[in-house]
Number of protein chains: 2
Amino acid sequence: MSQTVPIGTVSRETGIKVPTIRYYEEVGLLPSPARTDSNRRSYDAAAVQRLRFIRHARELGFEVEAIRQLLTLSDQPDRSCADVDSIARSHLTEIDEKIAKLTALRSEVQRMVDEGEHGRVAECRVIEVLGDHGSCLHERH
Amino acid sequence: MSQTVPIGTVSRETGIKVPTIRYYEEVGLLPSPARTDSNRRSYDAAAVQRLRFIRHARELGFEVEAIRQLLTLSDQPDRSCADVDSIARSHLTEIDEKIAKLTALRSEVQRMVDEGEHGRVAECRVIEVLGDHGSCLHERH
DNA sequence: TCTTGATCCTCTAGTCGCTAGAGCATGTAG
DNA sequence: CTACATGCTCTAGCGACTAGAGGATCAAGA
């Protein structure tokens, strides 16, 4: 009934490369789709939607494992939202850390660019700045 | 004269794992250090400093190739600072993009967490937010 | 002196999330 | 009917590590 499309079309519609779609199937993010007589994958709208979800989540930095969890949860909609919530929450922390690091980096690199415009590398702050004196952003593990 | 230390000590001092230090040597980020009679690597203060630089830069999101460029430049300090400057500048753009994406992500995930606190997965905004309706952060490539 | 256990060495292989290519089978347009 | 695009499977590669095998060496205690 509802229209199905080959993998190339799905690729164009979702912006996910063909081998990557097959990879997502292989690792279980995407259920194996129906096949045509000649063994070609044919996807329905739900699959396309799911791939869009996956792409979006990947772009937002969720790891495949996290996406798998989210998809599993959304596949069994009776479970409490707390599970989804905790996944999201742990990502929030992670994201905040990344933003903090990048912001620090930004100002350091900006300073490089500002100060390093005249003269030679020898006078450049680059190496020094990324050394480890002074602003120690990160504790060791 | 100046004191040298084995790889384990360097690892502890820099927070970089032993195999990773050897890996950095292998890929040419770190010059091969002197060896003891029994063939063990022994590092001087400069090597430790260089590793700290590498670690810091890695944590801040520089790729190994970019670090290699920066280190190469700093190893031959006669070259114009313009080279370092252009590397730094291109990173600045990259960093700004990363920050922008993460900031957008942060607010989306925050919204998920805020709104998704009650009820079941079926009603959860998380899945919805990650769907693809509405706020499309990213153009397709 | 002996022995225990930590540390070191090299080497190979595995991880994640793709990506690229070989070699072949189909589909579609002129 | 011939191109040529698209699909298939399979294997191998990427970056940046990480883990483990199997062996040598070191430092400290009994």
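All values below were derived from every heavy atom in this structure, side-chain atoms included, with hydrogens, water molecules and symmetry-related copies excluded.
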(message) Please pick, from dC18(C), dT10(C), dC17(D), the nucleotide with the shortest atom-to-atom distance to any side-chain atom of R58(A).
(response) dC18(C)

(request) Using whole Å, report how far CD1 of I7(B) lies from P of dT18(D). (result) 14 Å

(message) Looking at dC18(C), I'd like to know if its phosphate oxygens (OP1 or OP2) sit under 4.0 Å from a side-chain N or O belonging to Y24(A).
(response) yes

(message) Can you see if the side chain of S38(B) gets near the phosphate of dC26(D) - specifically, an N or O under 4.0 Å from OP1 or OP2?
(response) yes

(request) Check the distance between dT10(C)'s C1' and E25(B)'s CD and give it to me in whole angstrom. (result) 12 Å

(request) Between dT7(C), dG17(C), dT19(C), spot the one nearest the side chain of R12(B), thanks. (result) dT7(C)

(message) Are the side chains of Y43(B) and R50(B) in contact, using a 4.5 Å heavy-atom criterion?
(response) no

(message) Taking the side chain as everything from C-beta on, heavy atoms only, tell me whether R41(A) gets closer than 4.5 Å to E25(A).
(response) yes

(request) Could you check how far CG of N39(B) sits from P of dT25(D), rounded to whole Å? (result) 9 Å

(message) In whole Å, I'd like the distance from the CZ atom of R35(A) to the P atom of dT6(D).
(response) 19 Å

(message) Need to verify one output field. Residue with the more 5' nearest nucleotide on DNA chain D, E65(B) or R40(B)?
(response) E65(B)

(message) I want to check one thing: is the phosphate of dC8(C), taken as OP1 and OP2, less than 4.0 Å away from some side-chain N or O of R41(B)?
(response) no

(message) A side-chain contact here means heavy atoms from C-beta on lying under 4.5 Å apart; do L29(B) and Y23(B) qualify?
(response) no

(message) Please pick, from dA20(C), dC9(C), dA16(D), the nucleotide with the shortest atom-to-atom distance to any side-chain atom of K17(A).
(response) dA20(C)

(request) Would you mind telling me which of dG17(C), dA16(D), dC8(C) lies closest to the side-chain atoms of P6(B)? (result) dC8(C)

(message) Do D44(B) and V5(B) make a side-chain contact, defined as non-hydrogen atoms from C-beta onward lying under 4.5 Å apart?
(response) no

(message) Are I7(A) and R40(A) packed together at the side-chain level, in the sense that at least one heavy-atom pair is separated by less than 4.5 angstrom?
(response) no

(message) Whole angstroms only, please: what is the CD1-P distance between I21(B) and dT18(D)?
(response) 11 Å

(request) Give one of base, sugar-phosphate or nothing for R22(B), where a contact means two heavy atoms less than 4.0 Å apart. (result) base

(message) If I take atom CD in residue E26(B) and atom P in nucleotide dT10(C), what distance separates them, rounded to the nearest angstrom?
(response) 10 Å

(request) Figure out the CD1/C1' separation between I67(A) and dC16(C), and round it to whole Å. (result) 13 Å

(message) Can you measure D37(B) atom CG to dA27(D) atom P for me and round it to whole angstrom units?
(response) 12 Å

